[in-house]
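Fair warning: this is a prediction, and the values are worked out from it, not measured in the lab. Numbered from 1 within each chain, the chains take letters A, B, ... in sequence-line order.
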Amino acid sequence: MPPPPGSRFFFNSLLDCTKQKDLQKGKALHAQIIRVGCSSCIYLANSLVNLYAKCGNLAKAKLVFDNISHRVVVTWNCLINGYSQQGSSGSLYAMKLFQDMRAENTMPNAHTFAGIFTAASYVTNAAVGFQAHALAIKMSSFYDVFVGSSLVNVYCKAGLVSDARKVFDRMPERNSVSWATMISGYAIQRLAVEAIHLFEFMRCEGEVLNEFVFTSILSAVTNPEFLDSGKQIHCLSVKNGLLAFVSVVNALVTMYAKCESLDDSCRMFELSSDKNAITWSAMITGYAQSGNSRKALKLFSKMHHSGLYPSDFTLVGVLNACSDVVAVEEGKQMHNLVVKLGFESQIYIMTALVDMYAKCGCMEDAQKGFSCLKEPDLVLWTSMIAGYVQNGHNEVALSLYCKMQMEGIVPNELTMSSLLKGCSSLASLDQGQQIHAHAIKYGLGSEVPVGSALSTMYAKCGCLQEGNLAFKRMPRRDAVSWNAMISGLSQNGYGMQALQLFEEMRREGTKPDHVTFVNVLSACSHMGLVEKGRTYFRMMSDEFGIVPRVEHYACLVDVLGRAGKVTEAKEFIESATIDHGLYLWRILLSACRNHRNYELGAYAGEKLLELGSPESSAYVLLSSIYTALGRAEDVERVRSVMKDRGVNKEPGCSWIELKSHVHVFVVGDEMHPHIGEIRGAIKRLSKQMKDELYESTCDFSSAVDI
DNA sequence: GCCGCATTAG
């Protein structure tokens, strides 16, 4: 039935307002409709629901909806689709409405299903999607191409990509949206090969390749392995004239950056004539994620000067760049921007902010950021826990984990690996085992980060066998896992086994990283393997393209120094092409002391004095060398420099675990609230050691007497 | 009415 003649004007006007999303004009029309008494006309009422829903005023849409006495399917669709377009915040309402509609015996149509499936795609629980799917099949709505495409999307977003493919294959009719959705489903699951196959299939079928298809397929090949495919797709997009779409250019910028082909990525960025916020974000993130954080920061200020406002995505990228280079000042400026732009409740931003402060060692600021969010999610909790662990506040991290559990948040593998790292630093076997038990309870025992952290934890606590077991049980291993076990062996005095494991790692084809070489070189130094040390140092850059860092130089200086080759070590330091500062001279100084090469020791010590070493040990070593050389004047000079610079000898610190609690204490500590218990425990331990005839190489008497 | 491009924790 057509609308009554008098309503035609209102009907068309409302349609215009909805198209233009002009809420002001729409409200005026609404008032007019009420005044002339047309508000009971179902066509106008539906149009009003649609207007408010499309303009995002769902409360008002619902109000009009509630006042309609005889709702038809279109009435429901307008409100359901309004809610589903709100994304994750509206999708539950949309699903509830769908159930109410069914309860009123109103039959859904294809529009209803398209809307309800869109809502379901935002909800991780696919149950309502399944129900609606069943009903759609029953009602044959499934044959509608819109319904089919949105259903494919439901399964893709729920991670059920093979179910999505089943729906896709059974669709009687497909359009470019269906194909793009399916390809993007593979992309989300990082199934590049499947995505490429489907894309090829699509081309064979002669489907139209539009910008949506290209953005989807490009996001599937964001891995160095698929750089060649990426380049071919790039060519195809040029052939199809799609570089005119900024979205395709953006996808290319990202593809090349993620394929570690940063030059190509920059070229795409430079070539694009109409950059939008996504283009800038893509390039900034590309820089930040490829170790070019300084460039990322520079590009951000360029974006800022161009007058474009950063989006939440941009800020996350920039904050990551700040934490990467420990740029706390720039990070604080970003924080101001976050506040200014009203992003303080955006969880991705706040997580990046917390992470930035934690990496810069500002745990108080990190804690403040954390407290800004009423409902922190698992990632934020984990970032906070990881931050405390990174900064050595391991106890705080463990108690934060208890709080997290009380909030009902279930941990994942990264939470567990951070906590285990905390237990390793505390050398607390007891707490480490508890976290291990939790990992098993939550089904995280076979996760790579957990297995690696377990090997480290057990090895640090002296339980090498358990560490090895954790390593062997891992279903797959990455570089971090191998590093954990290699370092565990090396630190427990099994240097040869550590090197053997490194050779096994090479055989298995896992690419070592810079941490691997720190472990390998330090194993060489423990074993006194000078020649092997030199070989591995060269191998690092020659075979694996890893630029040696100061810690690698330090290891080799240590290798040479321990073997008594102090002159060679000195020459090595002076030929080093990096800014090594104090670090390497200090190692040489103590090597010279141990090998009684006092002349070279004095040389190294004077270098340290020149460079203004903040550590007391350097001054103490140097003055002891001058004492041995009988140069009393120099002894006096070193002492006075030390005094002038306000360098104090730091007190030795130790810790002990009592009743699952780790107590840190220093020599001469009288202030510690548990000093009595600590002393008691040390006395018991030393008696036990004597009883078991432990040959002590150290003098424990001072520790017992604290 | 259905699809895409940029983001968080080891």
Side-chain angles (χ1 to χ4, degrees), chain A residues 77-78 80-81 84-85 109-118 121 144-154 156-157 174-185 187-188 210-220 222 245-255 257-258 276-286 288-289 310-320 323 346-356 358 377-387 389-390 411-421 447-450 452-453 456 478 480 484:
Chain A
N77 290 349
C78 290
I80 288 175
N81 292 335
S84 54
Q85 273 160 23
N109 64 15
H111 289 255
T112 325
F113 286 117
I116 209 67
F117 288 145
T118 303
S121 73
D144 182 283
V145 66
F146 283 80
V147 174
S149 302
S150 50
L151 186 56
V152 169
N153 192 33
V154 173
C156 285
K157 293 286 152 64
R174 299 181 196 109
N175 60 16
S176 64
V177 176
S178 332
W179 289 92
T181 309
M182 194 59 236
I183 292 173
S184 139
I188 293 167
N210 63 13
E211 75 274 24
F212 287 98
V213 175
F214 274 95
T215 48
S216 300
I217 186 64
L218 283 169
S219 71
T222 47
F245 288 95
V246 64
S247 60
V248 175
V249 177
N250 294 347
L252 282 164
V253 169
T254 303
M255 184 275 290
K258 293 230 163 119
N276 62 15
I278 297 182
T279 324
W280 288 90
S281 301
M283 196 66 243
I284 289 170
T285 306
Q289 289 180 347
S311 71
D312 43 353
F313 283 83
T314 324
L315 289 173
V316 170
V318 181
L319 282 167
N320 284 337
S323 33
Q346 217 275 19
I347 196 125
Y348 274 42
I349 293 231
M350 292 315 278
T351 307
L353 194 67
V354 161
D355 184 56
M356 183 275 293
D377 67 355
L378 170 63
V379 179
L380 186 51
W381 278 99
T382 306
S383 305
M384 202 62 210
I385 289 171
V389 171
Q390 280 157 22
N412 71 3
E413 71 279 12
L414 296 181
T415 327
M416 289 296 144
S417 98
S418 283
L419 290 166
L420 287 166
K421 209 177 148 204
E447 296 288 332
V448 175
V450 176
S452 313
T456 304
D478 61 13
V480 178

Would you say [N] has OP1 or OP2 under 4.0 Å from some side-chain N or O of [X]?
| X | N | value |
| --- | --- | --- |
| A:Q390 | B:dG10 | yes |
| A:Q85 | B:dC2 | yes |
| A:N320 | B:dT8 | yes |
| A:N153 | B:dC3 | yes |

Whole-Å gap separating [atom2] ([N]) and [atom1] ([X]):
| X | N | atom1 | atom2 | answer |
| --- | --- | --- | --- | --- |
| A:L419 | B:dA9 | CG | C1' | 12 Å |
| A:I188 | B:dC5 | CD1 | C1' | 12 Å |
| A:L151 | B:dC2 | CG | P | 14 Å |
| A:M255 | B:dA6 | CE | C1' | 15 Å |
| A:L252 | B:dA6 | CG | C1' | 14 Å |
| A:F212 | B:dC3 | CZ | P | 9 Å |
| A:K258 | B:dT7 | NZ | P | 4 Å |
| A:E211 | B:dC2 | CD | P | 16 Å |

Donor-acceptor side-chain pairing of A:S150 and A:T118 below 3.5 angstrom: no
A:N276 and A:T279 side chains, donor-acceptor separation under 3.5 Å: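 The criterion, which ignores hydrogens and geometry beyond distance, is satisfied for A:N276 and A:T279.
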Side chain to side chain donor-acceptor pair (under 3.5 Å) against A:S219, all qualifying residues, sequence neighbours excluded: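 With sequence neighbours excluded, A:S219 shows a side chain to side chain donor-acceptor pair (under 3.5 Å) to no residue whatsoever.
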Which nucleotide in [options] has an atom nearest any side-chain atom of [X]:
| X | options | value |
| --- | --- | --- |
| A:V379 | B:dC3, B:dC2, B:dT8 | B:dT8 |
| A:T351 | B:dG10, B:dT8, B:dC5 | B:dT8 |
| A:V177 | B:dT8, B:dG10, B:dC2 | B:dC2 |
| A:H111 | B:dG1, B:dT7, B:dC5 | B:dG1 |
| A:S281 | B:dG1, B:dG10, B:dA6 | B:dA6 |
| A:S149 | B:dC5, B:dA9, B:dC2 | B:dC2 |
| A:I278 | B:dT8, B:dC5, B:dA9 | B:dC5 |
| A:T215 | B:dC5, B:dG10, B:dA9 | B:dC5 |

Side-chain donor/acceptor of A:Q346 to backbone N/O of A:I349, under 3.5 Å: yes
Under 3.5 Å: donor-acceptor pair, side chain of A:N412, backbone of A:T415: yes
A:Y348 ring over B:dT7 six-membered base ring, under 5.5 Å and 30°: no
Base B:dA9 to side chain A:N412, donor-acceptor N/O within 3.5 Å cut-off: yes
With sugar-phosphate meaning primed atoms plus P, OP1 and OP2, does [X] contact a base, only sugar-phosphate, or nothing at under 4.0 Å between heavy atoms?
| X | answer |
| --- | --- |
| A:N175 | base |
| A:A352 | nothing |
| A:S311 | base |

A:W179: ring pair (Phe, Tyr, Trp, His ring centres under 6.0 Å) partners, not counting sequence neighbours: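 By the ring pair (Phe, Tyr, Trp, His ring centres under 6.0 Å) rule, A:W179 matches A:F168, A:F201.
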